[in-house]
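Below is one structure, written out as structure tokens, with a few remarks after it.
Everything quoted here is computed from the prediction, not taken from an experiment.
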Amino acid sequence: MSDTVELSPVDLEILRVLQNDARTSNKELAAAVGLAPSTCLDRVARLRETGVITGQHAKVDPAKVGRPLEAFLFVQVRPHRRPLVEQFAEHLLALPEIRAVYHLTGPDDFLAHVATTSAAELQRLVLDELTSRDEVARVHTNLVFQQWQGGPLLPPDGEPAPGARIRRRDR
């Protein structure tokens, strides 16, 4: 399957609405984008089937569920080779403290966003789950003081996302 999907202006509007509130009912969504509910349902199904919509998620406040300390762990692994990279990413993703993992370019190979119960738990995570592994050369930790969430992925002015193929005919 190609990395790009042909999207109409109506598809882009559907995405914009759902990114702002994934709980929008199909009836409300159809009214917002000017489609019949059955047509809107078909459009959303196609956006899911083509992988444009990858899921719906509840945003959970880590502090409210007992994990008030968040940090970013920059990890350097050696040797930096595919089998090791994949194995290390799987190890990280199996840890309950991990919120997200990114494979990077530059001096660090991984960035892991973590949420822990305390500084002691963060220290345990770094020492027991990371630096104790032979392939981990270095871990640099940055604490998160505050976080702001970005807006929808699509630009608000209706312009297509870079790389998206846009159909100019509507509906």
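- With rounding to the nearest 0.5 Å, the separation of OG in Ser132 from CG in Leu127 is 8.0 Å.
- Ile53 and Leu7 fall within the same hydrophobic cluster, defined by Ile, Leu, Val, Met, Phe, Trp and Tyr side-chain heavy atoms under 4.5 Å apart, directly or through other members.
- Taken together through direct or relayed side-chain contacts under 4.5 Å among Ile, Leu, Val, Met, Phe, Trp and Tyr, Val136 and Ile98 form part of one hydrophobic cluster.
- Closest non-hydrogen pair, Cys40 versus Leu35, comes out as CA-CD1, 4.0 Å.
- Checking side-chain atoms of Thr24 against main-chain N and O of Asp21 turns up a donor-acceptor pair under 3.5 Å.
- Note on Val33 and Val5: same hydrophobic cluster, where clusters join Ile, Leu, Val, Met, Phe, Trp and Tyr whose side-chain heavy atoms are under 4.5 Å apart, directly or indirectly.
- Rounding to the nearest 0.5 angstrom, the gap separating the CG atom in Leu29 from the CG atom in Leu41 is 9.5 Å.
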Practice problem: May I have the step-by-step check of side chain to side chain contact (heavy atoms under 4.5 Å, CB included) for Asn142 and His140, ending in yes or no? | Solution: CA-CA 7 Å; Asn142 285 15; His140 176 88; 2.8 Å; yes
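- Atom CZ in Phe72 sits 13.5 Å away from atom CG in Asp108 (nearest 0.5 Å).
- The shortest distance between side-chain heavy atoms of Leu93 and Val101 falls below 4.5 Å.
- Linking Ile, Leu, Val, Met, Phe, Trp and Tyr residues whenever their side-chain heavy atoms come within less than 4.5 Å leaves Phe74 and Leu84 in two separate clusters.
- Between the side chain of His113 and the backbone N or O of Glu70, no donor-acceptor pair lies under 3.5 Å.
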Quiz item: Would Arg81 and Glu135 satisfy salt bridge (Lys or Arg N to Asp or Glu O under 4.0 Å), going step by step from the backbone distance to the final call?
Solution: CA-CA 10 Å; Arg81 296 207 172 93; Glu135 71 269 25; over 6 Å; no
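- Taking CG of Asp128 as the reference point, atom CZ of Arg133 lies at 12.5 Å (rounded to 0.5 Å).
- Taking every heavy atom of both residues into account, Asn26 and Pro37 meet most closely at ND2-O, 2.9 Å.
- Among the candidates Val114, Thr141, Thr116, the single residue satisfying the side chain to side chain contact (heavy atoms under 4.5 Å, CB included) test with Val126 is Thr141.
- Checking side-chain atoms of Thr50 against main-chain N and O of Arg46 turns up a donor-acceptor pair under 3.5 Å.
- Shown are Arg78, Gln76, Arg138; of these, the side-chain hydrogen bond (donor to acceptor under 3.5 Å, both in side chains) with Asp109 is made only by Arg78.
- Minimum interatomic distance between Thr117 and Gly66 (heavy atoms only, all atoms of both residues): CG2-O, 3.2 Å.
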Quiz item: Can you check side chain to side chain contact (heavy atoms under 4.5 Å, CB included) on Glu129 and Glu97, steps first, answer last?
Solution: CA-CA 11 Å; Glu129 300 293 346; Glu97 299 87 359; 5.8 Å; no
Practice problem: Take Leu15 and Leu18, measure what side chain to side chain contact (heavy atoms under 4.5 Å, CB included) needs, and give me the verdict at the end. | Solution: CA-CA 5 Å; Leu15 293 172; Leu18 290 177; 5.7 Å; no
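- Note: Leu92 CG to Leu73 CG = 8.5 Å, rounded to the nearest 0.5 Å.
- Contact check on Arg43 versus Glu13 returns no salt bridge, with no Lys/Arg side-chain nitrogen under 4.0 Å from an Asp/Glu carboxylate oxygen.
- Counting only heavy atoms from C-beta outward, the side chains of His91 and Leu95 approach each other to under 4.5 Å.
- Remark: Glu121 does not engage Arg67 in a salt bridge, criterion side-chain N to carboxylate O under 4.0 Å.
- With values rounded to the nearest 0.5 angstrom, Arg16 atom CZ is found 11.5 Å from Asp11 atom CG.
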Exercise. Walk me through it: do Tyr102 and Phe110 pass the test ring pair (Phe, Tyr, Trp, His ring centres under 6.0 Å)?
Key: CA-CA 6 Å; Tyr102 304 91; Phe110 288 93; over 10 Å; no
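- No side-chain heavy atom of Leu69 sits under 4.5 Å from any side-chain heavy atom of Val144.
- Taking both residues in full, the closest heavy atoms of Ala71 and Leu143 are given as CB-CD2, 4.0 Å, listed atom of the first, atom of the second, then distance.
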